[in-house]
Amino acid sequence: MSTNINFEDWLALTQLYADYASAVDSGNWDLWPEFFTEQCVYRLQPRENHERGFPLATLSFTSKGMLKDRVYGIKETLFHDPYYQRHIVGAPVVRSIEAGSFKCEANYAVFRTKLSETSTVFNVGRYIDTVARTPDGLKFASRECIYDSEMIPNSIIYPI
Amino acid sequence: MSETSTVFPREAHWESDGTSRIPFLTYTSDELYKRELERFFYKNHWCYVGLEAEVPNPGDFKRTVVGERSVIMTRDAEGGISVVENVCAHRGMRFCRERHGNRKEFVCPYHQWSYTLKGDLQGVPFRRGVKQDGQVHGGMPADFKTSDHGLTKLKVATRGGVVFASFDPDVESLEDFLGPTILGYFDRLFNGRKLKILGYNRQRIPGNWKLMQENIKDPYHPGLLHTWFVTFGLWRADNKSQLRMDEKHRHAAMISTRGTAGKSDQVTQVSSFKESMQLNDPSFLDIVPEPWWGGPTAVMTTIFPSVILQQQVNSVSTRHIQPNGHGSFDFVWTHFGFEDDSDEMTQRRLRQANLFGPAGFVSADDGEVIEFSQQAFESKPFHRTLAELGGREVEDTEHMVTETLIRGMYRYWRDVMEAE
């Protein structure tokens, strides 16, 4: 285990983070599941639960299929006020490098803009990630979004 | 309806003695809201404060609210539960800032007045003054008694691991408050097993607090708004169901048994039904019946004014309504399981929790519709809603094609709010 990363890997990793932010802000929700491995974990969890050891997450998905079901929900089944979202993601901190994967973290802030409204801070936290090398490039084997925001402003529909 | 010339009436105008048409003003008036706090949250009613499992050990505390007032639930050295108001007896500071923790006593940081976990004042710095050059300076008056200046103590009732509190020392017993019918559904969920906290979700919904009570007294919308419910047969108009109320119509239970999913001539002619919808990962709906259900697959219980008890298949939670102003409330979900749950059952409850909460496949849109209702109420307060599905009366039913529970709640609301 080490935290020394070569330039090529660093470039690929930062590209992954930038691509993810670009994708989830694009409105093209079908892009989102493709950032993950088939057997993946995606969790959106309040910091309170994370730090107190409570397992409940606001969303907790354990397969790429679940992410696709979420996309279908966003597009077809969840009635919601339309909004734009905009992610600002910090540079990843590489915590460890193991054979075939990286453990990384990055701060994020998401702004929400509803139609005819001003932009507001929507959800703020950090990603805790396991990034795997795959034949198709780097993918998230696990992405946990641990959010500081104590109150969700009514609802969260789109992926963080 | 003809438009009235007064857009902002002073008084709510009910069109009849009934409650099937509810003035928008009941959701927008600060004056009515304060009276609601007074008459529902602070007098004559029990309000939810938490679960005993949140404070398992002596000294554990949880900060929460009754209405808009900050309170602390504690477990004392003898194992009892107390609820005290988070207002120092001295200068009124809201002294407890952590939301949970463990303490031997409470100390207000401002002047270090200290209290027992039950709220008794035990220490006042410089109470007997400060000696200097042979003289005593200051100190509290000779007739000052610590016993006169404890924290405000609430009356507490616990049942099945659930804690309720009331500022009203004369409130009836919790059992009488719930009434035998609702008590039966309460005991079905909280039947004495120890609870295991799974975690919290918190959302702020910009709508009047009553709208959330109404949402869970409205069995009309789930099979229409919520695609998952109608498509997978979890909750829809042709499910076997009952609606029940206490004798004052303030509390209610919506009881439903999952029927067959798929097409049915009457109830799936709605745009939210998706015949071809199939889950990529069906484990979202890995439902395993539990013996304690005794038949129904879902029982949603509204306990007026402060809490909703959720059983939707294997997902169970309390949903605490915490009003903050006439147009907003915080909605705090506490998901739990039971001490004897297997790991598989715990995982199942957590997976099904994806349907609920502020991002849930089903529940996220409930908050949305409440927000947009409130927007209209604010701009058109002379108008009224219509809750006449199933008639204009208030009655228990053996079906869910009715808004009778909403009418029942407003029957009670009018009785209490219009009394002198």
Side-chain angles (χ1 to χ4, degrees), chain A residues 33 38-83 114-117 120 122-123 145-160, chain B residues 99-100 196-207 224-231 272-274 277-284 317 328 330-337 346-347 349-372 375:
Chain A
E38 288 298 324
Q39 294 303 311
C40 61
V41 169
Y42 173 85
R43 285 161 63 78
L44 171 68
Q45 189 183 39
R47 179 171 175 165
E48 173 185 22
N49 290 353
H50 180 75
E51 292 188 348
R52 295 179 69 182
F54 293 132
L56 184 76
T58 307
L59 288 174
S60 178
F61 302 146
T62 51
S63 69
K64 194 170 174 177
M66 285 187 170
L67 302 188
K68 289 181 174 171
D69 289 329
R70 182 65 181 182
V71 169
Y72 186 80
I74 293 167
K75 293 202 294 193
E76 301 289 339
T77 79
L78 272 163
F79 168 71
H80 63 280
D81 219 7
Y83 64 94
K114 287 190 167 195
L115 303 179
S116 310
E117 296 291 341
T120 56
F122 181 48
N123 190 263
C145 318
I146 308 298
Y147 59 90
D148 297 343
S149 307
E150 277 279 308
M151 281 293 162
I152 289 174
N154 204 342
S155 64
I156 291 183
I157 308 294
Y158 308 146
I160 298 292
Chain B
R99 196 164 46 210
H100 70 98
K196 191 166 67 176
I197 305 296
L198 297 181
Y200 304 99
N201 269 314
R202 299 172 193 275
Q203 64 188 131
R204 179 160 294 167
I205 299 179
L224 299 167
L225 175 65
H226 304 313
T227 299
W228 276 51
F229 273 176
V230 60
T231 303
S272 48
F273 179 73
K274 309 269 183 208
M277 176 174 165
Q278 294 223 316
L279 292 173
N280 288 290
D281 191 333
S283 65
F284 280 127
S317 74
S328 173
D330 293 346
F331 202 39
V332 178
W333 304 62
T334 307
H335 282 256
F336 59 90
T346 300
Q347 290 309 315
R349 296 195 201 288
L350 291 167
R351 249 191 331 269
Q352 290 178 22
N354 281 302
L355 276 65
F356 306 103
F361 280 103
V362 170
S363 296
D365 32 27
D366 285 325
E368 298 284 289
V369 297
I370 286 174
E371 178 174 352
F372 311 147
Q375 286 175 355

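In what follows, chains carry the letters A, B, and so on, assigned in the order in which the sequence lines appear, proteins first and then strands, with residues in each chain numbered from 1.
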K.L.:
Using the side-chain contact (heavy atoms from CB on, under 4.5 Å) definition, which of the options B/Thr231, B/Leu225, B/Thr227 pairs with A/Thr77?
P.N.:
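One option only clears the test, and that one is B/Thr227.
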
K.L.:
Are B/Pro358 and A/Thr58 side-chain neighbours, meaning at least one heavy-atom pair lies under 4.5 Å?
P.N.:
yes

K.L.:
Just checking heavy atoms, which of residues 41-51 of chain A are less than 4.5 Å from chain B?
P.N.:
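Only A/Pro46, A/Glu48, A/Asn49 of residues 41-51 of chain A have a heavy atom under 4.5 Å from chain B.
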
K.L.:
A/Ile157 versus chain B, heavy atoms under 4.5 Å apart: side chain, backbone, both or neither?
P.N.:
side chain

K.L.:
Tell me, side chain or backbone of B/His226 under 4.5 Å from chain A's heavy atoms, or both, or neither?
P.N.:
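Nothing of B/His226, per the 4.5 Å heavy-atom cut-off to chain A.
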
K.L.:
Checking the side chain of B/Asn354 only, and the main-chain atoms of A/Ser60 only, is there a donor and an acceptor separated by less than 3.5 Å?
P.N.:
yes

K.L.:
Among B/Ile370, B/Val362, B/Leu279, B/Asp366, who wins on heavy-atom pairs under 4.5 Å with chain A?
P.N.:
B/Leu279

K.L.:
Does any part of the side chain of A/Asn154, heavy atoms only, come nearer than 4.5 Å to the side chain of B/Glu368, both counted from C-beta?
P.N.:
yes

K.L.:
Answer with side chain, backbone, both or neither: which region of A/Tyr147 has an atom nearer than 4.5 Å to a non-hydrogen atom of chain B?
P.N.:
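Side chain only.
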
K.L.:
Measuring from B/Asp365:CG to A/Asp81:CG, what's the distance to the nearest 0.5 Å?
P.N.:
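Nearest 0.5 Å value for the CG-CG distance: 12.0 Å.
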
K.L.:
Does any part of the side chain of B/Tyr200, heavy atoms only, come nearer than 4.5 Å to the side chain of A/Leu56, both counted from C-beta?
P.N.:
no

K.L.:
Tell me whether A/Asp69 contacts the main-chain N or O of B/Asn280 through its side chain, where contact means a donor paired with an acceptor under 3.5 Å.
P.N.:
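Judged by distance alone, yes, a pair lies under 3.5 Å.
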
K.L.:
Can you tell me which portion of B/Gln347 sits under 4.5 Å from chain A's heavy atoms? Options are side chain, backbone, both or neither.
P.N.:
neither

K.L.:
Assert yes or no for the condition that the ring centre distance of A/Phe61 to B/Phe284 is strictly below 6.0 Å.
P.N.:
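For A/Phe61 and B/Phe284, the ring centres are under 6.0 Å apart.
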
K.L.:
Please report the shortest heavy-atom distance between A/Ser155 and B/Ala364, naming the atom on each side.
P.N.:
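Reported closest heavy-atom pair: CB-O, 3.9 Å.
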
K.L.:
Apply the test side-chain contact (heavy atoms from CB on, under 4.5 Å) to residues B/Ser283 and A/Met66: give CA-CA distance (whole Å), side-chain angles for both, the deciding distance (0.1 Å), then the verdict.
P.N.:
CA-CA 9 Å; B/Ser283 65; A/Met66 285 187 170; 3.2 Å; yes

K.L.:
Please answer whether the main-chain N or O of A/Gly65 pairs with a side-chain N or O of B/Asp281 as donor and acceptor at a distance below 3.5 Å.
P.N.:
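The answer is no, because no donor-acceptor pair under 3.5 Å joins these two groups.
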
K.L.:
Quick check on A/Arg70 against chain B: is it the side chain, the backbone, both or neither that has a heavy atom closer than 4.5 Å?
P.N.:
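Contact with chain B: backbone and side chain both.
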
K.L.:
Is there a side-chain contact (heavy atoms from CB on, under 4.5 Å) between B/Asp330 and A/Met151? Walk through the geometry before answering.
P.N.:
CA-CA 8 Å; B/Asp330 293 346; A/Met151 281 293 162; 3.3 Å; yes

K.L.:
Quick check for you: among B/Phe372, B/Phe331, B/Trp228, which has the greatest number of heavy-atom pairs under 4.5 Å with chain A?
P.N.:
B/Phe372

K.L.:
Mind ranking B/Leu350, B/Leu198, B/Val332 by heavy-atom pairs under 4.5 Å with chain A and telling me who comes out on top?
P.N.:
B/Leu198

K.L.:
Between B/Arg349 and chain A, which part of the residue has a heavy atom less than 4.5 Å away: side chain, backbone, both or neither?
P.N.:
neither

K.L.:
Report the C-alpha separation of B/Phe361 and A/Tyr72 in whole Å, then their side-chain angles, then the decisive distance to 0.1 Å, and conclude whether the side-chain contact (heavy atoms from CB on, under 4.5 Å) test is met.
P.N.:
CA-CA 10 Å; B/Phe361 280 103; A/Tyr72 186 80; over 6 Å; no

K.L.:
Indicate yes or no: does B/Arg99 engage A/Glu150 in a salt bridge with an N to O separation below 4.0 Å.
P.N.:
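Here B/Arg99 pairs with A/Glu150 in a salt bridge, since their nearest N and O are under 4.0 Å apart.
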
